[in-house]
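I have placed the structure first, in the form of structure tokens, so that the comments after it can refer back to it.
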Amino acid sequence: MDVDTGIDDAVALLLVRSVLGEGLRMVSAVSGNVPVERALENTRRVLHLSGADEVPVFRGASAPLVAEPMAALWVHGEDGLGGVELEPSPAPPAGGLDELRAALEREPAPVALLATAPLTNAALLARWDPRLFARRVERIVWMGGSWGRGNDTPAAEFNARVDPEAVHIVAGSGVPMTMVGLNATEGCPLDDGDMERIGAVATRSARLVATMLGYEGLRRVNRDFGGVVVHDAIAAATLLWPGEVTATRRYPLTVDLSHGPSYGATLTGPVATGPEVEVAVAADRVRFAQRLASALARLP
Ligand code: RIB
Ligand code: CA
């Protein structure tokens, strides 16, 4: 996974760990919701809480390829986890992108990359060693983009807006990519009933999720959706259960690199040109909520 651990990245990490166990092979942190050091620390703490200290966590890029670093502290809190204090992990970070590349090379089989953040790390790897990237990454599921309005600017979703050039590079890398954007995730909120069910699960992982999803900043940005949209966990469900939680269609993808008001817009559909990607077009809210609650019950 590639994350900018914030609240919904944390939920996605727990969901993947619960369903795949040791199939969660490695995680890299990147600058996005919070600075990369904070994302690295948050990721290690969430993995520690879920009993996953053996999963190597790498420190990735501290800034986008071209644009200036951004953050979303008003959504995720200064610490990125809605103010929840977690125990530090005893497992040291596994290194930087050099070590991540070596770890990818050592993997016995190609990996699927779940990216729930700006795509800076993936773009750097793809440009640094295109053959390694194509050989070792079999597909990418990315939470990002939107075929409609954005949530960072009117035109662009946050992960796309932070590093539009990275989206352009990764989409054009030749590795099959699925884009799980706002048009799918915003139709899949966790409502009050779902939150009660999660809060009733007697595991520390479920308690963490219930607490984080109650963070006032997150609630505020979700006030129009009838519940809390856990964007990154919906992307995780797309990878874990293909075709069961989200439906996708294949479209060309164009990323706006104009450095104007629509910088980072992801244009898909018949009007777009560029490499074809699978675009999530709908998500099953009930099925997602059920599977998330069950997954949290299986964690410590
Ligand atoms: O637009 C939602 C995305 O931006 C999520 O990945 C969230 O964590 C933020 O990074
Ligand atoms: Ca994220």
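Both counts, for ligands and for their atoms, begin at 1 and track the order of listing. Remember, predicted model here, so these are calculated numbers, not experimental data.
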Ser89 vs Asp53 side-chain heavy atoms within contact, under 4.5 Å: yes
ILVMFWY clustering at 4.5 Å (side-chain atoms), partners of Leu73: Val34
Amino acids in close contact with ligand 1, where any non-hydrogen atom sits under 4.0 angstrom away: Asp4, Asp8, Asp9, Asn33, His76, Thr116, Met143, Asn151, Glu157, Phe158, Asn159, His231, Asp232
Side-chain touch Glu107/Met26, heavy atoms, less than 4.5 angstrom: yes
Which N, O or S atom of Asp232 lies nearest to the Ca ion (ligand 2), by name: OD2
Thr178 vs Thr246 side-chain heavy atoms within contact, under 4.5 Å: no
Rounded distance (nearest 0.5 Å) linking atom CG of Leu13 with atom OG1 of Thr116: 6.5 Å
Opening angle between O in Thr116 and OD1 in Asp4, taken at the Ca ion (ligand 2), to 10 degrees: 90°
4.5 Å side-chain heavy-atom contact, Leu15 and Leu292: yes
Side chain proximity check, Tyr251 to Met179, heavy atoms < 4.5 angstrom: no
